[in-house]
Number of protein chains: 2
Amino acid sequence: MIMTRDRTFTLAVDALKEAGLRPTRQRVQLLHLLRAGGNRHLSADDLAREAKKIGLSVSLATVYNALNQFTQSGLLREVVIAPGISYFDTNIGPHHHFYFEEERRLQDIPVDAVSVSDLPPAPMGTKVARVEVVIRLESEQK
Amino acid sequence: MIMTRDRTFTLAVDALKEAGLRPTRQRVQLLHLLRAGGNRHLSADDLAREAKKIGLSVSLATVYNALNQFTQSGLLREVVIAPGISYFDTNIGPHHHFYFEEERRLQDIPVDAVSVSDLPPAPMGTKVARVEVVIRLESEQK
DNA sequence: TCAATAGCCTGGAATCGTTCCAAATTTAAT
DNA sequence: ATTAAATTTGGAACGATTCCAGGCTATTGA
Ligand SMILES: [Mn+2]
Ligand SMILES: [Mn+2]
Ligand SMILES: [Zn+2]
Ligand SMILES: [Zn+2]
């Protein structure tokens with residue numbers, strides 16, 4: 001199945017080509033699914049489950065492969081919260097996160113809603129890849 | 001072996017008692033080891049290996065139990081970097097981190113070396129448990 | 001001082017998210 | 001259409017962490 005002719009998927013196909021990834025059926029469908037529905041934070045398992053729910057035929061290994069490839073190409077970004085808990089973020093612009101511990105849920109914070117200033121310079125021989133701010137929240141009462 | 005009489009370990013014993021943890025041989029030795037040598041970031045496996053190297057007899061399960069208990073009691077803090085990569089931090093005061101991707105190493109940044117201001121308020125029903133800033137570094141050349 | 005009891009430690013099995021593998025399929029180039 | 005290279009797949013393997021049940025150990029209070 002060559003997916004370059006289906007109008008529904010042209011955006012996903014183009015994005016994949018630009019990222020240097022072959023627009024295979026699985027990648028196209030997964031990227032399309034990821035991008036439908038605004039900014040999201042989802043685990044590999046979330047995506048696999050969603051894909052299955054709408055009838056896509058994609059193995060879990062391929063979901064992992066695709067998510068990692070998308071992340072490496074800059075189509076996604078990964079946010080790690082705890083050992084065994086990481087989310088793929090469809091919002092690749094600069095921003096920060098609230099993390100609701102109880103709900104295990106991330107929520108975006110616009111980058112200009114937090115000011116991180118006076119960063120120390122990157123140590124010799126290194127450069128800053130990313131500045132991550134995570135505000136961990138717990139429920140108020142107790 | 002009751003360790004309350006050994007002068008070498010009084011600090012560790014007292015800290016454990018204050019934290020509401022029984023000062024067992026394993027906990028005392030591990031906490032003592034953790035606190036010898038300044039601020040450190042080490043994995044459970046690092047600590048198990050160090051313990052073995054100096055001749056302590058502690059199982060890996062106990063190292064995990066102790067690290068988790070110490071973290072819950074505020075004697076340590078945990079910093080998660082990637083799925084399967086987390087470090088226990090003997091520096092429990094407020095501070096931030098550089099992370100050297102290649103070396104998989106954390107380095108402290110004094111809290112006053114970074115200014116994080118204008119934080120958005122915690123959403124209704126929640127309160128801020130911690131604000132984490134991680135500056136991810138990659139090597140400069142390539 | 002010395003049971004009695006609650007808590008702790010341990011090795012090994014189990015869990016769980018993720019990666020690896022090799023065979024079958026699909027894509028892209030000729 | 002042919003071919004080579006890349007991709008997908010189910011299942012096995014992996015590695016970090018947790019669980020478990022049986023044997024110790026610290027604490028307490030008689
Ligand atoms: Mn990953
Ligand atoms: Mn933990
Ligand atoms: Zn986000
Ligand atoms: Zn630190």
Side-chain angles (χ1 to χ4, degrees), chain A residues 1-6 9 12-14 16-31 33 41-49 51-52 56-73 76 78-88 104, chain B residues 1-6 9-10 12-31 33 41-49 51-52 56-73 76 78-88 104:
Chain A
M1 178 196 269
I2 299 164
M3 309 212 59
T4 46
R5 291 178 193 283
D6 186 329
F9 297 117
V13 169
D14 292 349
L16 287 168
K17 283 181 179 166
E18 189 152 0
L21 296 169
R22 287 189 181 183
T24 63
R25 175 173 57 81
Q26 290 85 345
R27 284 179 184 152
V28 171
Q29 292 180 154
L30 289 175
L31 187 57
L33 177 54
H41 305 97
L42 69 185
S43 67
D45 200 62
D46 292 339
L47 181 57
R49 192 172 6 262
K52 175 169 284 180
L56 304 188
S57 165
V58 194
S59 75
L60 183 56
T62 295
V63 169
Y64 273 101
N65 287 340
L67 287 172
N68 287 326
Q69 291 151 355
F70 295 175
T71 301
Q72 269 188 264
S73 332
L76 286 181
E78 191 172 6
V79 183
V80 178
I81 287 302
I85 308 181
S86 94
Y87 295 99
F88 293 89
R104 295 182 154 212
Chain B
M1 177 196 268
I2 299 165
M3 307 212 60
T4 47
R5 290 179 193 284
D6 187 329
F9 295 119
T10 31
V13 169
D14 292 349
L16 287 168
K17 282 181 180 167
E18 190 152 2
L21 297 169
R22 286 193 184 181
T24 63
R25 176 172 57 80
Q26 291 83 346
R27 285 179 183 152
V28 171
Q29 292 180 156
L30 289 175
L31 187 57
L33 176 54
H41 306 96
L42 68 185
S43 67
D45 200 62
D46 291 339
L47 181 57
R49 191 169 11 260
K52 175 169 285 181
L56 304 187
S57 165
V58 193
S59 76
L60 183 57
T62 295
V63 169
Y64 273 102
N65 288 339
L67 287 173
N68 287 327
Q69 292 153 355
F70 295 175
T71 301
Q72 269 188 263
S73 332
L76 286 181
E78 191 171 5
V79 183
V80 178
I81 287 302
I85 308 182
S86 94
Y87 295 99
F88 293 89
R104 295 182 151 210

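The chains referred to below are lettered A, B, ... by the order of the sequence lines, with proteins before strands, and numbering in each begins at 1. Just so it is clear, the values below take in all heavy atoms, side chains as well, and ignore hydrogens, waters and symmetry mates.
B:L67 has its CG atom 16 Å from the P atom of C:dC8, to the nearest Å. When rounded to the nearest whole Å, the span between CD of A:Q29 and P of D:dT7 equals 16 Å. For the pair A:L60 CG and C:dC21 P, the computed distance is 17 Å after rounding to whole Å. Note: CG (B:N65) to P (D:dC24) measures 19 Å, nearest angstrom. To the nearest angstrom, C1' of D:dT8 lies 11 Å from CD of A:Q69. In this structure, A:L16 atom CG and D:dT8 atom C1' are separated by 15 Å, rounded to whole Å. Computed from coordinates, the A:L47 CG to C:dG17 P distance equals 15 Å when rounded to whole Å. In this structure, A:Q72 atom CD and C:dT19 atom P are separated by 11 Å, rounded to whole Å.
Closest to the side chain of B:A61, out of D:dG10, D:dC19, D:dA6, is D:dC19. In the set D:dA16, C:dT10, C:dT19, C:dT10 carries the atom at the smallest distance from any side-chain atom of B:S59. Among C:dT18, D:dT9, C:dC9, the nucleotide with an atom closest to any side-chain atom of B:T62 is C:dC9.
The side chain of A:T24 places an N or O atom within less than 4.0 Å of a non-bridging phosphate oxygen (OP1 or OP2) of D:dT8. Residue B:R22 places no side-chain N or O under 4.0 Å from the OP1 or OP2 atom of D:dT27. Look at A:Q26 and you won't find any side-chain N or O under 4.0 angstrom from OP1 or OP2 of C:dT26. Residue B:N68 places at least one side-chain N or O under 4.0 Å from the OP1 or OP2 atom of D:dT18. Side-chain nitrogen and oxygen atoms of A:Y64 include at least one within less than 4.0 Å of the OP1 or OP2 phosphate oxygen of C:dT18.
To the nearest 0.5 Å, atoms CG (B:L31) and CG (B:D14) are separated by 10.5 Å. Here CD of B:Q26 is found 6.0 Å from OG1 of B:T62. Values are rounded to the nearest 0.5 Å. Put simply, CD on A:E18 and OG on A:S73 are 11.0 Å apart, with the number rounded to the nearest 0.5 Å. Here the straight-line distance linking atom CG of A:L47 with atom OH of A:Y64 works out to 10.5 Å at 0.5 Å rounding.
Using modelled atom types, one finds a donor on one side chain and an acceptor on the other under 3.5 Å when comparing B:S43 with B:D46.
Panel note: side chain A:R27, backbone A:R22; a donor-acceptor pair is recorded below 3.5 Å.
When the local axes at the two ends of the helix from C:dT1-D:dA30 to C:dT30-D:dA1 are compared, using 5 base pairs at each end, they differ in direction by 30° after rounding to 10°.
Heavy atoms only, all atoms of each residue included: B:E78 and A:P83 are closest at OE2-CG, 3.9 Å.
Heavy-atom nearest nucleotides on DNA chain D were determined for B:I85 and for A:S57, and the one closer to the 5' end corresponds to A:S57.
If you check every strand for non-hydrogen atoms under 4.0 Å, A:D45 touches nothing.
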Audit row: A:F9, A:R25, side-chain contact (heavy atoms from CB on, under 4.5 Å) steps and yes/no: CA-CA 10 Å; A:F9 297 117; A:R25 175 173 57 81; over 6 Å; no
